[in-house]
Amino acid sequence: MTTLNRTHDAARRSWVASANGHADFPLQNLPLGVFTPATGTKRDGTKRGGIAVGDLILDIPACRHHGLLGGNAETAAEAMSGGTLNALLALGAGPRTALRQAVFDLLAEDAPAAIKDLAPEILHEARASEIHLPVAIGGYTDFFAGIQHAINAGRLFRPDGEPLMPNYKYVPVAYHGRASSVRPSGWPVRRPNGQRKRGKEDAPTYGACRNLDYELEMGIWVGAGNALGEPVPISRAGEHIAGFCLLNDWSARDIQGWEAQPLGPFLAKNFHTSVSPWVVTAEALAPFRIPQSPRDECDPAPLPHLNDADDQAQGAFDIEVEALLLTAAMREAGAAPHRLSIGNTRHLYWTPAQMLAHHTSNGCDLNAGDLFGSGTISAPEDTGWGSLLEISRAGRQPISLPSGESRTFLQDGDEIILRARCTRDGMASIGFGECRGTILPAPTC
Ligand code: CA
């Protein structure tokens with residue numbers, strides 16, 4: 001587990017003025033990404049690795065060009081100079097940590113004047129840059145670790161039975177998602193067509209999804225992978241997790257209800273997945289690690305291959321997560337987005353390390369840049385439920401918006417905005433940046 005060091009010192013400030021007090025990207029965060037600077041700027045035109053600081057992006061190839069990095073930090077910087085972060089993630093924590101420390105020193109208030117003089121060469125306005133998906137994703141797996149979401153969904157679909165399946169407290173349940181349709185924040189989301197069948201209907205019809213939903217999740221970026229046939233032990237699993245993002249697992253509930261038996265989600269989920277584009281590193285999140293929430297007394301202990309004392313003691317995270325809705329009418333009126341829910345990753349039943357250990361426990365190999373979704377994060381109280389399925393009780397209870405509109409599921413023009421924030425006394429607060437997506441009408445069929 002990462003220990004705290006000078007890069008977590010809340011008292012340190014940056015000479016990049018917008019970083020100081022920035023809601024997401026103060027000096028103590030330094031998330032990794034891939035961007036293209038605005039045309040017309042120096043060294044424009046190519047995708048390259050960057051680090052967000054305040055409202056700006058530090059251009060890593062430009063730092064290398066000026067010889068600002070050395071040793072292990074230079075190794076990391078070289079690995080993030082191309083169009084993806086895969087090579088960097090594959091290096092594991094050592095070079096990534098060295099880069100964090102080197103960049104912290106470059107951007108700290110007491111950096112040499114010669115570095116500050118290079119600002120026009122090495123920093124770009126984030127707003128004017130194009131921010132890309134940070135990695136080429138080889139595999140995407142969506143877990144189901146939000147136990148309150150699992151209970152809520154179980155109650156809606158099996159009102160007379162046990163809400164949780166018998167395996168839930170033994171197995172970090174997951175399905176294999178579709179890597180090709182993951183897109184960064186801001187990419188419009190086309191409403192899918194598909195086979196839908198309502199309860200009373202005799203046969204399905206093919207048409208536009210009528211119950212389009214979002215799912216508020218944490219994304220987990222795999223760092224160094226494992227060889228096929230060689231499981232990662234739970235005691236080492238945390239070392240294979242490079243960072244985190246926000247993830248919206250867009251879900252077509254009516255398509256899901258018809259297609260999902262017996263093999264689980266397919267076209268209801270794989271038409272689009274949105275992620276926030278900055279990789280908030282495991283190192284940046286070190287101050288916000290917490291013990292895994294205690295299991296109920298009657299719950300089984302995790303089986304030995306998923307049970308590690310260190311992981312149980314500090315393998316969970318205290319990250320506040322929030323979902324907001326902005327309808328087309330609200331946008332036109334200049335209204336603020338409406339908060340749908342606010343919850344916390346502490347409500348996940350499995351830690352990221354348990355997810356990774358479980359994923360490899362049969363010998364399945366993971367590669368650098370593979371992506372996990374945590375599963376929908378819902379809090380015990382209904383102000384923290386992470387999907388419209390839950391909030392609207394499967395469409396039976398419309399929610400009223402301040403605009404006078406109401407919603408059960410998403411309409412065309414609606415935008416979902418996910419945000420996350422970490423706070424702890426004595427530490428600098430950090431955020432994830434936004435994960436946004438606006439619904440476009442379905443293609444004509
Ligand atoms: Ca999901």
Side-chain angles (χ1 to χ4, degrees), residues 137 139-157 163-165 167-168 171-183 185 189 191-192 194 209 211-222 244-261 263-276 317 319 321-323 340-341 343-345 347-352 354-356 358-359 370-379 384-392 394 409-410 416-418 420 432 435-437 439:
I137 304 169
Y140 161 47
T141 302
D142 196 24
F143 283 85
F144 194 50
I147 187 169
Q148 189 62 49
H149 171 74
I151 291 170
N152 291 342
R155 282 183 181 144
L156 289 168
F157 295 127
L164 291 180
M165 291 295 190
N167 61 3
Y168 189 85
V171 178
V173 172
Y175 66 92
H176 280 298
R178 180 78 191 167
S180 68
S181 52
V182 180
R183 292 291 183 279
S185 174
V189 179
R191 179 184 298 273
C209 167
N211 293 351
L212 184 57
D213 201 356
Y214 70 94
E215 290 190 342
L216 168 58
E217 304 194 20
M218 190 59 51
I220 298 160
W221 294 108
V222 174
F244 298 81
C245 62
L246 281 161
L247 185 146
N248 186 340
D249 175 26
W250 301 99
S251 298
R253 300 297 181 198
D254 45 354
I255 298 171
Q256 186 179 3
W258 171 239
E259 76 167 11
Q261 302 301 330
L263 287 186
F266 183 43
L267 301 181
K269 298 276 195 175
N270 70 6
F271 58 94
H272 197 123
T273 303
S274 299
V275 292
S276 57
F317 292 89
I319 305 171
V321 290
E322 181 183 25
L340 293 168
S341 74
N344 193 295
T345 53
H347 301 302
L348 294 170
Y349 195 75
W350 300 100
T351 66
Q354 287 176 314
M355 295 177 205
L356 191 136
H358 176 65
H359 204 312
D370 283 355
L371 175 66
F372 298 167
S374 62
T376 307
I377 302 165
S378 289
W385 291 358
S387 69
L388 284 171
L389 173 79
E390 297 162 84
I391 298 170
S392 76
F409 292 98
L410 296 170
I416 290 291
I417 305 159
L418 307 184
F432 279 58
C435 178
R436 287 175 172 259
I439 308 302

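Counting starts at 1 for both ligands and their atoms, following the listed order.
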Open item on the list: Quick check against the 3.5 Å criterion: does Ser341 have a side-chain atom that pairs as donor or acceptor with the backbone of Trp385?
Closed with: yes
If the threshold is 4.0 Å, N to carboxylate O, is there a salt bridge linking Arg253 and Glu215?
yes
Whether Ser185 side chain and Arg436 backbone form a donor-acceptor pair below 3.5 Å: yes
Quiz item: Does the side chain of Ser251 pick up a donor-acceptor pair with the side chain of Gln256 at under 3.5 Å?
Solution: no
Protein-derived N, O or S atoms lying less than 3.0 Å from the Ca ion (ligand 1), waters not counted, sum to 4
Margin query: Strictly distance-based, threshold 3.5 Å: is any side-chain N or O of Thr345 a donor or acceptor partner for the main-chain N or O of Phe317?
Written below: yes
task: Determine the interplanar angle of the Phe143 and His358 rings, folded into 0 to 90°, and report it as parallel if under 30°, tilted if 30 to 60°, perpendicular if over 60°.
output: perpendicular
